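Worksheet for the structure shown next.
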Amino acid sequence: MSTSQRFGSAAVEHAEAVLVEQYPRLVRLAYLTLPDTLGRHPRVLLAHKAVQRALPRAGTPAAPAPAEAGTDEPDRHLTLVRSRVLRAALAPSGTAGGTWARIGRPPVPPFVWGLRLWPPAGGIDEAARTLSGAPAPVRAAFVLHHLDDLTQDETVRLLGRAGAADPAGAVREALALPVAEELLRALRRPEFDASVVSARPTDLLRRRRRARACWAGLATLALTLTVLSVSAPSPDPDMRPAAGPGASGALDPARLQRVPSDAWSDTARVDFTAWPARGGRTGDRDLLARALGTWAAPGTTRITAAPGTTAEPPPRPPQLLYAGDVDGRAVVLLRDGDRVVRYGETGTGSGGRTLDVTRTDEAGVTTAAALTLSRAPDGASARYLLAPWIAAAATRDLTRAGDTAQTLAFAADGVTDPAAVPPAPAPAPAPAAGAPCVTWPVIELTSSTRIVEKHSFVLTDLGALSPVHLTHTPLPDGPAAPARQPREATGPEARAAWAPLACRLGELRSGGYRAVNVWDFAAAQLPDGAGRAVWSCTRASGWAGPGDVTVRLRLEAGTLQDVTRARSTAACGRFGQHLLAGFRWRSPAGRWYLLAAGSRQVTGITATGAVRAGSADRTLAAPWTGPDGAVSLTGTLAGGGTVTALDGAGGGRD
């Protein structure tokens with residue numbers, strides 16, 4: 001005899017009534033839980049799809065929420081529908097055993113012909129950007145607790161029913177997210193209805209051309225099947241057209257997207273999408289055709305792609321950013337979605353061609369402020385193409401905190417004079433230490449007052465197409481003070497923090513990073529009169545989200561000691577603000593100590609293992625009198641809970 005529960009017709013009717021009544025809330029829950037790697041159009045469609053498919057069919061097996069004391073019938077059916085929406089929204093990330101994890105493909109949204117849909121500006125889309133980078137169960141817990149007003153226990157139970165692996169952990173992480181109260185109040189207002197979307201047509205002329213091309217292609221195919229022909233060999237094997245139905249359109253120079261020259265000053269999206277087409281050869285059809293053809297069929301062309309970036313040809317006509325001659329070489333910059341490609345050639349032969357590809361996910365005012373156009377043969381200098389919103393440029397030496405800025409001139413089309421770049425690492429046969437690093441040139445850019453007032457920032461060249469943005473987070477004022485945000489590395493305090501660390505940037509070359517932040521999270525007096533030391537965490541954030549971190553101890557003399565490292569972690573970032581680190585340190589007197597420090601919310605540290613000690617503060621210095629051995633560190637957090645020491649495995653909050 002089967003004991004499995006099944007949905008009856010009455011239960012389905014109740015569930016439908018609840019779904020219709022709560023539709024905007026359920027769409028909001030699905031939209032913010034779905035993978036943040038999806039574009040806004042498919043995410044909107046998938047959110048509505050998840051809610052509408054949450055209605056069960058009569059007679060299907062069910063595991064409805066138990067009727068608890070004090071829980072009325074509508075709430076019980078709302079819990080049932082919420083759990084089905086969550087299960088559908090969590091499935092793509094593999095959290096609830098979804099098919100995406102098994103077959104490696106994203107879910108297919110409903111197909112909408114001729115329209116692109118997205119949430120209106122502000123509201124739910126702002127929340128989506130705020131929660132970007134947090135795991136899907138954490139985003140779901142945030143919505144359920146902060147916006148749907150479920151208690152922590154109710155949220156844990158609901159996530160468990162939906163198949164989340166660690167519901168309690170997701171709720172703890174959601175409670176720790178630094179979200180502005182103004183955003184929460186805005187999201188609760190009626191005008192921020194998550195089911196309201198904006199609709200715009202796709203490219204109407206492009207659709208018309210594609211329809212004509214489709215009919216022409218079918219006619220050509222029918223003719224080809226009846227005639228046997230031999231194709232003449234291409235005079236240039238590197239310029240064979242790419243396969244695919246949209247290849248010919250994407251490779252047509254006449255269809256390249258071109259942005260008006262003043263678009264950047266009248267848009268809320270100040271990034272690569274606002275770059276106009278610049279350079280002296282933007283009308284050179286032959287050059288643009290060679291650039292597009294090489295991208296589609298590179299042949300023997302040397303290709304350099306940033307980590308996690310594909311060099312596949314564009315599915316649609318890309319945006320033209322630049323085409324011109326730079327230091328005797330033709331250069332073309334093209335943008336396709338979240339990629340920028342630099343094509344270079346010396347002459348028109350295939351032997352002198354290069355293709356460089358970089359990621360530009362969610363680039364902004366600073367990370368879309370410059371691209372590297374060319375490098376000198378000796379690698380000592382480079383020319384940059386600056387964004388149209390850059391009003392002034394200068395160079396500095398990052399190793400010297402008091403260095404005076406030197407003006408960097410640039411032409412009307414944004415191309416700079418040659419600027420010194422950091423020294424490249426020594427070749428493999430050279431000694432491991434290489435030449436000593438005595439200087440680290442950076443560029444300091446100032447934005448136009450047409451978009452922001454008195455905004456300067458620092459970029460450094462790490463050998464990639466896109467320079468890296470440098471920031472600094474100063475020491476906290478105290479445990480009761482609000483968390484500080486990264487600041488531009490332009491002030492005296494930031495320069496003093498970066499000066500001893502500058503040469504360590506060489507370790508990050510070719511790593512595909514978008515920004516590097518130095519977070520000074522603690523300071524303490526060292527034993528045996530060694531002076532004051534600052535604990536800092538250097539986070540190099542990749543374009544894809546995860547980053548690599550290194551914790552260091554910075555002594556008064558400016559010397560550094562590495563404490564620990566971790567790769568592909570959220571630590572020391574927006575969603576990893578609780579930090580604890582420690583290591584074995586030898587004082588100038590020759591004695592060994594266990595040193596440890598925690599971030600702002602750490603109120604106590606406990607050490608076990610080879611050293612047993614404790615501190616009622618966020619720093620610890622304990623004599624290491626016994627033999628070498630493993631030490632476990634645990635920090636107590638002001639808001640409850642604990643944090644473990646960062647190590648190669650990442651560490652984190654318990």
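In this text, all values refer to a predicted model and were calculated from it rather than measured experimentally. Side chains included, hydrogens not; waters and symmetry mates left out as well; all remaining heavy atoms used.
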Discussion item. Can you confirm whether the side chains of D548 and Y513 place a donor and an acceptor under 3.5 Å from each other?
Written reply: yes

Worksheet item: Looking only at heavy atoms, what is the nearest atom pair of T372 and Y384, with distance?
Response: OG1-CE2, 3.6 Å

Discussion item. Regarding R25 and D148, does a basic nitrogen lie under 4.0 Å from an acidic carboxylate oxygen?
Written reply: yes

Fill in: Side chain Q257, main chain P317, donor-acceptor under 3.5 Å
yes

Practice prompt. Evaluate whether atom CG of D378 has more than 12 neighbouring non-hydrogen atoms of other residues, nucleotides or ligands under 6.0 angstrom away.
Written response: yes

Item to complete: May I ask you to check if R600 and F521 form a cation-pi contact, with NZ or CZ under 6.0 angstrom from the six-membered ring centre and within 45° of the axis?
Response: no

Practice prompt. Before accepting this row, confirm whether a basic side-chain N of the pair R565/E507 lies closer than 4.0 Å to the acidic partner's carboxylate O.
Written response: yes

Item to complete: Go through the steps to decide whether R255 and R316 satisfy the test side-chain contact (heavy atoms from CB on, under 4.5 Å), and finish with yes or no.
Response: CA-CA 9 Å; R255 298 180 64 184; R316 62 189 66 83; over 6 Å; no

Worksheet item: Hey, are R495 and D403 close enough for a salt bridge, meaning a charged N less than 4.0 Å from a carboxylate O?
Response: no

Worksheet item: Without hydrogens or angle criteria, can the side chains of H472 and E488 be said to hold a donor-acceptor pair below 3.5 Å?
Response: no

Discussion item. Can you give me the closest heavy-atom contact between P500 and A497, atom names plus distance?
Written reply: CD-O, 3.5 Å

Worksheet item: Shortest non-hydrogen contact from L462 to W440?
Response: CD2-CZ2, 3.7 Å

Worksheet entry | Pairs where residues 326-341 contributes a residue and the test side chain to side chain donor-acceptor pair (under 3.5 Å) is met, not counting sequence neighbours | Q319-R335, D327-S374, D327-R383, R329-T346, R329-T354, D336-R339

Worksheet item: About how many Å separate CZ of R396 and OG1 of T404, when rounded to the nearest 0.5 Å?
Response: 7.0 Å

Worksheet entry | R278 and D413 ion-paired at < 4.0 Å | no

Worksheet item: Judged by atom type as modelled, is there a donor-acceptor pair below 3.5 Å linking the side chain of W519 to the main-chain atoms of L475?
Response: no

Practice prompt. List the steps, then state whether side-chain contact (heavy atoms from CB on, under 4.5 Å) holds for L579 with C572.
Written response: CA-CA 7 Å; L579 177 64; C572 304; 3.7 Å; yes

Fill in: Separation between CG of L34 and CZ of R43, rounded to the nearest 0.5 Å
6.5 Å

Worksheet item: Out of curiosity, I443 CD1 to F457 CZ, how far, rounded to the nearest 0.5 Å?
Response: 8.0 Å

Response to the item:
When rounded to the nearest 0.5 Å, the distance separating OG of S456 from CG of L445 is 8.5 Å

Discussion item. Rounded at 0.5 Å granularity, tell me how far CD1 in I303 sits from CZ in R353.
Written reply: 12.0 Å

Worksheet item: Atom CH2 in W264, atom CG in D262: separation rounded to 0.5 Å?
Response: 9.0 Å

Worksheet item: Between R514 and D361, is the closest basic N to carboxylate O distance under 4.0 Å?
Response: no

Practice prompt. Kindly indicate whether the side chain of S448, heavy atoms from C-beta on, has any atom under 4.5 Å from the side chain of I390.
Written response: no

